[in-house]
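Comments concern the structure below.
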Amino acid sequence: MTSDRKLHLGAFMRPVSLHTGAWRYPGSYPDANFNFAHLKSFAQKLEAAKFDAFFMADHLAVLNMPVEALKRSHTVTSFEPFTLLSALASVTNRIGLVATASTTFDAPYHIARRFASLDHISEGRAGWNIVTTSNPDAALNFGLEEHVEHGERYERAREFYDVVTGLWDSFADDAFLRDVESGVYVDPAKMHVLDHKGEALSVRGPLNIARPPQGWPVIVQAGQSEPGRQLAAETAEVVFCSPRDLAGGKALYADIKSRMRAIGRNPDHLKILPAAFVVVGDTVEEARAKRVKLDSLVYYESAIASLSIALGHDASGFDPDGLLPDIPETNASKTGRAQVIKLAEDEGLTVRQLAQRYGGYSGLAFVGTVNTIADEMAEWLSQEGSDGFNVVFPFLPQGLDDVAERLVPELQRRGLFRGDYAGTTLRDHLGLPRPTNRFFDPA
Ligand SMILES: Cc1cc2nc3c(=O)[nH]c(=O)nc-3n(C[C@H](O)[C@H](O)[C@H](O)COP(=O)(O)O)c2cc1C
């Protein structure tokens with residue numbers, strides 16, 4: 001690993017913020033979920049700050065919490081990511097555009113088409129966050145009575161990846177001759193029919209779209225369970241993750257990169273970007289006070305619903321002032337469940353205290369001045385806790401402006417972050433190679 005590594009920065013976008021109290025924070029845009037003008041200004045500011053990517057998460061369900069909590073929540077409703085990112089592609093030039101798409105509730109031909117289209121429309125800026133979808137309520141929106149079992153979801157995801165990337169390779173890069181003289185539009189010798197018949201999927205192909213400008217849109221993976229890490233090591237080029245501290249980050253980083261070495265992949269060809277909640281103040285005390293104010297805007301009903309989602313188990317009947325009881329194993333997020341139990345044990349929190357933490361934002365947080373935050377980010381980079389961060393803004397627009405206009409210049413001044421984009425594609429920003437076409441490029 002060379003010492004001239006720089007940070008990669010993604011924006012982990014929920015348009016109002018991931019923090020459930022954010023829509024009531026002074027100066028916020030409570031309607032940002034469905035206000036394209038706001039989203040456009042966020043993307044353009046992030047591009048001016050030279051961010052690697054704008055990442056739009058997706059959750060496929062609304063009714064995953066009691067109505068009393070739902071009525072307080074801005075986090076479950078937002079635009080469909082492809083529609084939004086296609087629109088943002090036309091008002092930005094450089095920033096990467098990453099969308100979540102589920103391998104459990106979608107079809108590979110659809111996913112391959114949408115990402116190939118987004119990559120063409122944006123001229124090489126698309127990325128696919130592969131998720132198996134942890135939210136069990138999504139199943140009810142797709143004709144299922146209950147969620148698909150965790151292991152089965154990941155087996156399907158692995159096969160799904162092979163099919164989608166195979167479909168992107170349907171045509172050689174130079175297959176479309178468009179030769180007016182000879183009248184040949186496309187060379188059939190440069191078209192491959194996938195004819196995939198596997199355990200979970202059956203897809204003939206070829207894709208009806210030319211090979212994407214990046215060869216394949218950038219592959220992102222966000223699950224951290226055992227099968228999630230293995231899927232990442234085998235397929236991912238970016239990992240979104242949620243370690244709680246530097247020790248956790250280093251352990252995950254070392255684990256995924258060593259899994260890559262074990263299967264002969266170059267560890268530099270995968271960038272690990274933990275989600276980081278960043279609150280900037282003129283002083284550390286001021287930044288902390290902003291967070292306390294923000295947390296105070298969270299309602300207990302929403303807080304207990306967030307805790308239930310994180311646990312994969314209904315916590316509404318627990319004694320708020322007692323300690324967390326034993327929680328059974330879950331078919332939702334195993335990582336989420338384990339993290340809550342650990343936090344409760346480590347800090348001796350009551351159910352109420354735990355709920356308030358989860359109701360706001362419970363993950364890794366950098367709360368301080370631009371100097372203290374830059375110091376922490378530099379430490380994560382140099383200690384191989386990460387290759388950068390997927391920044392969670394506490395409230396928008398101010399929290400985003402604080403990062404883009406105050407923190408980023410400090411990171412640039414220290415040589416920790418690019419002063420300008422060196423290339424035009426998301427692969428260029430991330431320093432990732434363009435994949436060869438498995439059917440047409442010589443090995
Ligand atoms: C930064 C980050 C972003 C994520 N974004 C999404 C998302 O948009 N949609 C989704 O269904 N799950 C999302 N997840 C959840 C993971 O994809 C995964 O479902 C979850 O971690 C459970 O998988 P596991 O059991 O392998 O840990 C995200 C996770 C992280 C850490």
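Atoms within a ligand are numbered from 1 in the order they appear, just like the ligands themselves.
In this structure, the protein non-hydrogen atom closest to atom 9 (N) of ligand 1 is Asp58 O, 2.7 Å. Taking atom 27 (O) of ligand 1 as the reference point, the nearest protein heavy-atom neighbour is Thr335 OG1, 2.5 Å. In this structure, the protein non-hydrogen atom closest to atom 24 (P) of ligand 1 is Ser225 OG, 3.5 Å. Of the protein's non-hydrogen atoms, Tyr154 OH, 3.5 Å is the one closest to atom 23 (O) of ligand 1. Protein heavy atom in closest approach to atom 3 (C) of ligand 1: Phe12 CZ, 3.5 Å. In this structure, the protein non-hydrogen atom closest to atom 5 (N) of ligand 1 is Asn129 ND2, 3.7 Å. Distance from atom 17 (O) of ligand 1 to its nearest protein heavy atom, with residue and atom name: Val131 CG1, 3.2 Å. Given atom 29 (C) of ligand 1, the protein heavy atom at minimum distance is Ala222 O, 3.5 Å.
At a 4.0 Å heavy-atom cut-off, ligand 1 touches Thr100 through the side chain alone. At a heavy-atom distance under 4.0 Å, no atom of Asn135 approaches ligand 1. With a 4.0 Å cut-off on non-hydrogen atoms, Cys241 touches ligand 1 through its backbone and not its side chain.
Taking a cut-off of under 4.0 Å to the non-hydrogen atoms of Ala57, the atoms of ligand 1 that pass are 8 (O). The atoms of ligand 1 that sit less than 4.0 Å from any heavy atom of Thr133 are 11 (O). Those atoms of ligand 1 that come under 4.0 Å of a heavy atom in Lys334, given as number and element, are 25 (O). Near Phe240, the atoms of ligand 1 lying under 4.0 angstrom from a non-hydrogen atom of the residue are 1 (C), 2 (C), 31 (C).
Aromatic rings of His38 and Tyr29 (six-membered ring for Trp) have centroids within the 6.0 Å cut-off, being under it. Checked against a 6.0 Å centroid threshold, the rings of Phe366 and Phe277 do not count as neighbours.
Taking 4.0 Å as the cut-off between side-chain N and carboxylate O, Asp401 and Arg406 do not count as a salt-bridged pair. Using a 4.0 Å cut-off between a side-chain N of Lys or Arg and a carboxylate O of Asp or Glu, Lys257 and Asp387 qualify as a salt bridge.
Summarising the geometry, atom OH belonging to Tyr154 is positioned 11.0 Å from atom CZ belonging to Arg229; distances are rounded to the nearest 0.5 Å.
The aromatic rings of Trp380 and Phe389 lie perpendicular to each other, with more than 60° between the two planes, well past the 30° mark. Note: Phe105 and His147 have parallel aromatic rings, judged against thresholds of 30 and 60 degrees for the angle between ring planes. His313 and Phe318 have parallel rings, their planes meeting at less than 30° on a 0 to 90° scale where 60° marks the start of perpendicular.
For His150, the closest heavy-atom approach to ligand 1 falls below 4.0 Å.
Phe115 approaches Ala101 most closely through the heavy-atom pair CE1-CB, 3.8 Å.
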Test side-chain hydrogen bond (donor to acceptor under 3.5 Å, both in side chains) on Asp52 and His8 and set out the steps. CA-CA 6 Å; Asp52 292 70; His8 293 284; 2.9 Å; yes
